[in-house]
Each structure stands twice: as structure tokens, then as C-alpha cells.
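Each ligand, and each atom within it, is numbered from 1 in the order the structure gives. Since the model is a prediction, treat every value here as computed from it, not as a measurement.
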Amino acid sequence: MTDLTRRNVLVGAAAGVVALGASAVAKAAEFGNPDSPPQGSINSTPAALSEPGPQNPQLRDVLPSFNNPPATDVGGMPIPWASFNEAHKRIQSGGWAREVTTKAFPVSKDIAGVNMRLGPGGVRELHWHQQAEWAIMVSGDVRITTIDTKGRAEVADVQSGDIWYFPPGLPHSLQGVGDNGGEFVLAFDNGAAGEFNTLMVTDWFAHTPPEILAQNFGVPAEKFKDIPLDQLWIYQGAKAGPLVADQAYCASPAGRPDHPFIFRMSAMTPTVSSAGGEVRIVDSHNFPVSKTVAAALVTVRPGGLRELHWHPDNDEWQYYIKGSGRMTVFNTGPAAQTVDFNPGDVGYVEKNLGHYIKNTGKDDLVFLEIFKSDHFSEVTLSQWLANVPRQMLKEHLRVDEETLDAIHKLKQRQDVLA
Ligand code: MN
Ligand code: MN
């Protein structure tokens with residue numbers, strides 16, 4: 001925090017110097033300007049910095065770190081930023097969906113994201129897919145149906161902050177309920193997966209010989225003469241009835257599934273809570289069915305920092321829900337790239353790359369960290385450095401004894417927020 005504050009002060013002061021026309025070259029050797037040749041606007045001139053050509057001011061102004069990265073940024077790496085707001089929407093009678101997959105976001109190899117809304121009575125038709133589906137509700141109410149491999153059904157209503165997980169291959173439906181329907185974000189455990197290439201019940205019926213349908217279901221073939229010839233995907237259905245009625249009709253003689261397919265994530269006690277914010281971790285330890293997706297719902301208070309860390313086991317896919325934040329990803333090279341996030345944006349950090357996330361707004365920053373894994377894991381820079389020999393750390397950082405004491409004390413810190 002002290003370093004970041006000092007750096008901000010330096011950048012501010014340097015901007016004033018540049019505005020007065022003084023040479024910026026002298027700044028190059030100062031703290032916060034590590035590179036040679038020096039990087040960043042602090043080391044440039046107003047004439048060189050100007051941007052007289054065409055530009056999109058709306059995008060520029062919400063993504064300031066692309067236009068004016070800190071002087072500590074260097075080199076290139078895949079952009080760790082995407083947004084549902086720059087994804088094409090597919091709209092049908094019952095709702096809409098848009099997705100961010102490796103087609104538009106090539107670095108996102110482990111996870112593909114889908115943002116979907118179902119209006120009241122809107123139905124995402126009966127389907128399944130080859131990937132697992134993890135989801136979080138962001139608004140309203142949705143009814144889910146699924147069965148396990150023993151034919152045991154679950155029917156449940158989910159609200160904002162609830163999550164569900166369907167293992168690969170288990171069939172399911174989604175329906176907007178109540179007066180408003182619902183909106184949610186899906187994470188598939190494969191970056192190339194999508195909502196437009198699923199296995200749908202209408203497609204299968206339409207592409208199966210009628211006499212086979214007749215034999216399979218034990219009714220005359222003519223009974224299927226009116227089946228849809230095109231997939232329904234998201235259609236406007238009748239308003240859902242009472243939950244208990246659907247649960248009773250769908251109940252299996254074999255009983256309920258071994259594990260629930262839903263989890264009330266926002267209602268759980270935080271895994272970590274501190275002045276800086278809260279973290280709620282949901283993985284296979286507390287949500288046993290979720291064997292391929294682990295999630296952390298992170299709240300960072302204004303001014304707070306999701307501290308410098310990395311994940312040794314998996315890439316991280318992020319979805320930003322509230323507030324605004326800034327992340328820098330540190331890579332080999334060295335390379336470092338800073339990006340800004342707003343609600344609806346998606347981030348991605350490859351396994352083992354260092355990163356922090358700073359709340360840059362006046363309100364809480366809320367975002368999800370998603371991993372293709374059965375468990376959440378990380379290493380924090382502060383825990384590591386609190387546990388290395390004192391003389392060695394002094395030689396690496398060239399800091400005074402008081403600072404070495406302060407870092408050593410961080411071994412007591414239990415949380416992941418500074
Ligand atoms: Mn699905
Ligand atoms: Mn992380």
C-alpha cells in the first residue's frame with residue numbers, strides 16, 4: 001500500500017513536470033520506473049503522448065489502463081480482459097444469451113463464460129453437454145431441473161447469489177420464474193465450449209426416424225407428427241407452477257440424489273473476513289458435486305486490495321459483478337500488464353502468474369474467481385516472504401530492519417485481503 005501510494009504520488013508529480021515542459025528523461029532512473037529504455041507516460045512528453053487520430057472515447061474512458069498503463073508495465077502477453085458487453089447476443093422469444101469463449105478470448109482455455117437471461121416463463125430447453133456447467137444467479141429467480149445417473153431428479157428454485165453445478169452429461173433445463181424471470185452467468189470447464197453447441201432434446205427427436213421414436217416410447221409414430229423441426233433453444237413457455245408440484249411430479253422411486261446440485265453461496269458464512277473484505281470459497285469440500293469447478297466470491301472494500309498472489313494448480317477465470325477494479329498480471333520476461341474491470345467484464349490469469357486486484361471505486365468490488373479444479377488453492381507473496389530467512393530477504397529487497405519486522409509479522413495474517 002505504501003509503495004502504491006508513493007508511486008501514485010510520483011506519477012502525479014511527474015505529470016505536473018511534463019505539463020511545464022521540463023524533460024521527463026530524468027525520471028527514468030527513479031523508483032517506480034524500472035525499465036531501460038523507460039516505459040510509461042511519466043517518461044514521455046505531451047506531444048508524444050497526444051492521440052489526435054480516431055478513437056472511441058467511451059471505451060477509452062472505462063479502460064484507462066489500456067490507454068495509459070503504469071510505468072511498471074512492460075512487454076506483451078495475451079490480454080487478460082474480455083467483456084460480455086462486447087459479445088454478440090442471441091435473442092429468442094423467451095430470453096437471450098451471449099458468451100465469451102476461446103473464439104474471442106483465446107487465453108481463456110480452461111473456462112468459457114455465458115451470460116443468459118430468461119424472462120418470466122422463458123425456458124432454456126431440455127439439453128445436456130460434454131462439459132460441466134457451473135453457474136451463479138445474478139438477478140431474479142430461475143427453476144432448475146436435472147437427474148443423476150441413477151435417474152434421481154432434483155427440481156429447485158434459485159435466487160441471486162445461488163449457484164448450481166451440473167456434471168458433464170447430466171441433462172437439465174432452466175426456466176425463469178416469478179414476475180421477473182432471472183439472469184445468471186455460466187462457467188463451462190472448457191474454454192472452447194459454448195451455449196450454441198449443446199445437445200438438445202428437440203434436435204434429437206427431429207433427427208431420429210419416427211418408427212424408432214414409436215418403439216422407444218411405446219406409442220404410435222403418428223403421435224410425434226407435430227414435433228418441432230427446429231431447436232427451441234430459449235423459448236417462451238407457460239408460467240411455471242408451484243415448485244412443490246414440479247418436485248412431486250419429477251420425484252424418482254429411487255429417491256433424491258446423493259448430493260444437492262445447488263448451493264446458496266451468498267448466504268454462506270464467509271471463509272475469510274477482514275477489514276479489507278470477505279471471501280467465500282465453494283469447492284468440492286463444501287459442495288461435493290462440484291468436482292471440476294472451484295469458486296471464490298470475493299468482496300473488496302473501497303481502497304482495499306486482493307493481495308499479490310498466484311495459483312499453483314490452475315488458471316483463474318474471473319467475472320466482475322459489482323464495483324470497479326484494476327489488476328496487473330506479472331509474467332516471465334519480465335512482462336506486466338494492467339487492466340481495468342467493470343461489472344460484466346471477464347478476466348483470465350494463467351496458472352502461476354502473479355497478480356493483485358485493487359478496488360478503484362467508491363463502493364465494494366465484488367467478483368468471482370473460478371478454477372477448473374476440485375479445490376481452491378493459492379500462494380500469497382506476503383506469506384512467502386514472511387517465511388524466508390531474514391538476511392536473504394534483506395539482500396533481495398534492500399529494506400530496513402523495521403520493514404523486515406513488518407513483513408515477518410505477516411505470517412500471522414490469515415486472510416487474502418490487504
Ligand atoms: Mn446447460
Ligand atoms: Mn487470483
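When only modelled atom types and interatomic distance are considered, Gln337 and Thr328 share no side-chain donor-acceptor pair under 3.5 Å.
One finds no salt bridge joining Asp315 and Lys351 here, because no Lys/Arg side-chain nitrogen approaches an Asp/Glu carboxylate oxygen to under 4.0 Å.
The Mn ion (ligand 2) lies at 2.8 Å or more from every N, O or S atom belonging to Glu378. Coordination check, Glu195 versus the Mn ion (ligand 1): failed, since every N/O/S atom of the residue sits at 2.8 Å or beyond.
Within a 6.0 Å sphere centred on CD of Glu402, other residues, nucleotides and ligands contribute 12 heavy atoms or fewer.
To the nearest 10 degrees, the angle centred on the Mn ion (ligand 1) between NE2 in His129 and OE1 in Glu133 reads 80°. The Mn ion (ligand 2) lies at the vertex of an angle of 170° between the OE1 atom of Glu316 and the NE2 atom of His309 (rounded to 10°). Taking the Mn ion (ligand 1) as the corner point, the angle from His127 atom NE2 to His172 atom NE2 is about 90° (rounded to 10 degrees).
In this structure, the separation between OG1 on Thr146 and CZ on Arg152 is 12.0 Å, given to the nearest 0.5 Å.
The N, O or S atom of His355 with the smallest distance to the Mn ion (ligand 2) is NE2.
In this pair, Trp81 and Phe66 present their aromatic rings perpendicular. The plane angle is above 60°, beyond the 30 to 60° band.
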